[in-house]
Amino acid sequence: MSFPSKLSHTVLLLTFFLALLTQSNSYEFMSNWKLPTMITPKDIATDMEVKKRFGDKKLVVITGTSSGMGRKCARALLLTGEYHVIGAVRDMDKMEAIMELDSYDPSLFTPMHLELNSFKSVHSFCENLDKFKGGKHVDRLICNAGIYQPSLDHAKWSEDGHEQTMQTNFLSHFLLISKLLPDMSESEDARVVTVGSVTGNDNTVGGGGGVYPVADLKQLDGLKAGFQNPISMLDGYNFIGAKAYKDSKLVLMMTANMLHDRYHKQTGISFSSIYPGCIAESPLFREKRPWFRKYFPVFMKFVTGGFVGEEEAGQRLFQVIHDPRCSKSGVYWSWNGGPREGRGAEALEKGGQIIGAGGSGGGWDSIFENEQSDKVKDIETTFNLFKFATQVTGAEWPEPHVAKSPCPTLKVVGLVTAAINAKEEAKRMKPEPGMVGAIDLKAKAANNFDFITQSTVVKVVKAVQDRFLGELPEDAIQGSFQEEKKVSEAPLEHIEHKVAGEGSHVEILAGHHDVADVHAKVGKEDTQPMRERLSAMFEKTEL
């Protein structure tokens, strides 16, 4: 090739790269560049061990495989021969009995203990899973296990002092996802699925989402305050068992959306939620009264059309794990069947099966991307939910990132600029008249008339229930890991106040009216003005 020809090729290449670098996403194409890695004998041995144990099978972790939808889904996965299933359960004896009853192949199914009422158990489970799988990556995580305690007028508490429904259904799954996320990001087709519900998605006609009590997080005051015994609801108000369940399904769907926004592009993991239909004969209702368990399936099957059997629900969960179409992230999956006009004779003829959102029938191709309610899609509440749930659970998440310039000069300039900005912003935060940015106290007021009226009505309704509905099952009463604490014994609300200085802050323990308790946490330069402001706040505010 002649010199002019070589020169023209060089000019063309330079022009091409300059064109790339002048685009708005200049360095995006370089964001996934990695240095080549040396394959060691240890890596080869690990790969051989993984191949020997798992072959080409995908590794699936499902919580709650000893009953209900989780049990049916696990069986469907095993029948394909394409998966090794880890069944995360609290009752190992029961799981082993199910394995024998359903003829599970022990080389394809491994039960592991997981008590979702304990964060310590979540950590132990992840440690045991790491030891078992070796170098194999988790390909699917299905957050299926859940409890429902609608009949109680008081909360039952987890080992960690959180309301049981919310810890079992949401908080422990939230922690579990955070623990497995780094490993799953190494899988080529990883999926995380949370089980939502029509009860948490209040825009579904005919579902339970619009029936009182509705799922509503309000300002998440209970979660902000630490969600610790005796705080039993995320919104900070009094306990209602049915609402705790609905709220847990709402936050699971919101979490799937948040994980999709933060990590899908970064990790390639697909995050989705599903509503399989109302499994009215599920053990989920084991804490309801016998008459309810008898007639509720009939009502759902022949009146609302929302009924789905355990077998079909398990197949739907299996589809989201297995179907290539369901690798799409950020989706709320549902199936045809459910509330429709003209139920009557048609419902009786079809045993409750009819086409429409939520109920039985429709088959594999009836899956569709369902619309989420405004509450589920509330960005600000979702952000706060993720933030405060992370604090409560101690979850550790990888920092979400976007493509950044690899240019060393620009990185240095960015660091210098950030340092200058921080210094100037610290000057702006010095206490002066009119500055209220450091104070974030909640106003707490109650309408006495509404309170008295509500209390009277609740007592009358409860008396009628006790007289006509019968006693609660023993399972509904027993099982709390802690006694409910009195307010004076409760861990007190932490209110963060940013003060002057470079990154200094003080945590004010609501209820500790001695300003001296706070003194040690305040920087010397800020002590006097902050002491004066705290004294004024304590005098005027009932905390």
Looking at Ile379, I'd like to know if its CD1 atom is crowded, meaning that more than 12 non-hydrogen atoms belonging to other residues, nucleotides or ligands lie closer than 6.0 Å. no
Decide yes or no on side-chain contact (heavy atoms from CB on, under 4.5 Å) for Tyr332 and Val376, but give the supporting numbers first. CA-CA 10 Å; Tyr332 171 46; Val376 177; over 6 Å; no
Please identify each residue that fulfils salt bridge (charged side-chain N to carboxylate O under 4.0 Å, His left out) with Asp130, with sequence neighbours left out. Lys133
Side chains of Thr63 and His173: donor-acceptor distance under 3.5 Å anywhere? yes
CE of Met48: more than 12 outside heavy atoms within 6.0 angstrom? no
Donor-acceptor contact present, side-chain Arg262 to main-chain Pro400, <3.5 Å: no
Would you confirm whether Asn144, through its side chain, and Gly64, through its main-chain N or O, come within 3.5 Å as a donor-acceptor pair? yes
Can a donor-acceptor pair be found, under 3.5 Å and without considering hydrogens, that links the side chain of Lys156 to the backbone of Phe481? no
Determine whether the side chains of Trp333 and Gln319 contain a donor N or O and an acceptor N or O closer than 3.5 Å. no
Any side-chain heavy-atom pair of Leu129 and Val138 under 4.5 Å: yes
Any donor-acceptor pair under 3.5 Å from Ser124 side chain to Lys120 backbone: yes
Could you tell me how the ring of Trp397 sits relative to the ring of Tyr263: parallel (under 30°), tilted (30 to 60°) or perpendicular (over 60°)? parallel
Between Lys72 (side chain) and Ala313 (backbone), is there a donor-acceptor pair under 3.5 Å? no
Look at the rings of His84 and Phe54 and say which category their plane angle falls in: under 30° parallel, 30 to 60° tilted, over 60° perpendicular. perpendicular
Taking only residues two or more places apart in sequence or in another chain, which ones pass salt bridge (charged side-chain N to carboxylate O under 4.0 Å, His left out) with Asp93? none
Is the ring pair Tyr148/Tyr245 parallel, tilted or perpendicular, if the boundaries are 30 and 60 degrees? tilted
Against Asn229, only a single residue in Glu484, Glu483, Lys485, Gln482 fulfils side chain to side chain donor-acceptor pair (under 3.5 Å); can you say which? Gln482
Should Val60 and Asp139 count as side-chain neighbours, where that means a heavy-atom distance under 4.5 Å? no
Sequence neighbours left out, what passes side chain to side chain contact (heavy atoms under 4.5 Å, CB included) with Asp189? Give chain and number order. Lys58, Arg140, Arg191, Ser327
Whether His137 side chain and Met184 backbone form a donor-acceptor pair below 3.5 Å: no
Side-chain donor-acceptor pair under 3.5 Å between Ser121 and Glu115, yes or no? no
Return yes if some donor-acceptor pair links the side-chain N/O of Asp160 with the main-chain N/O of His162 below 3.5 Å, else return no. no
Are Asp247 and Glu163 close enough that some pair of their side-chain heavy atoms sits under 4.5 Å apart? no
Hey, does Leu252 have a side-chain heavy atom less than 4.5 Å from the side chain of Val195? no
Taking Lys375 for its side chain and Ala215 for its backbone only, find out whether a donor-acceptor pair lies under 3.5 Å. yes
Side-chain (Gln164) to main-chain (Trp157) donor-acceptor, under 3.5 angstrom: yes
Reported CZ-to-CG distance for the pair Phe388 and Leu234, which is rounded to 0.5 angstrom: 12.0 Å
If the threshold is 4.0 Å, N to carboxylate O, is there a salt bridge linking Lys131 and Glu127? no
Quick check on Glu82: does its CD atom have over 12 non-hydrogen neighbours (other residues, nucleotides or ligands) under 6.0 Å away? yes
Using modelled atom types and a 3.5 Å cut-off, is there a donor and acceptor pairing between side-chain atoms of Asp323 and backbone atoms of Arg325? yes
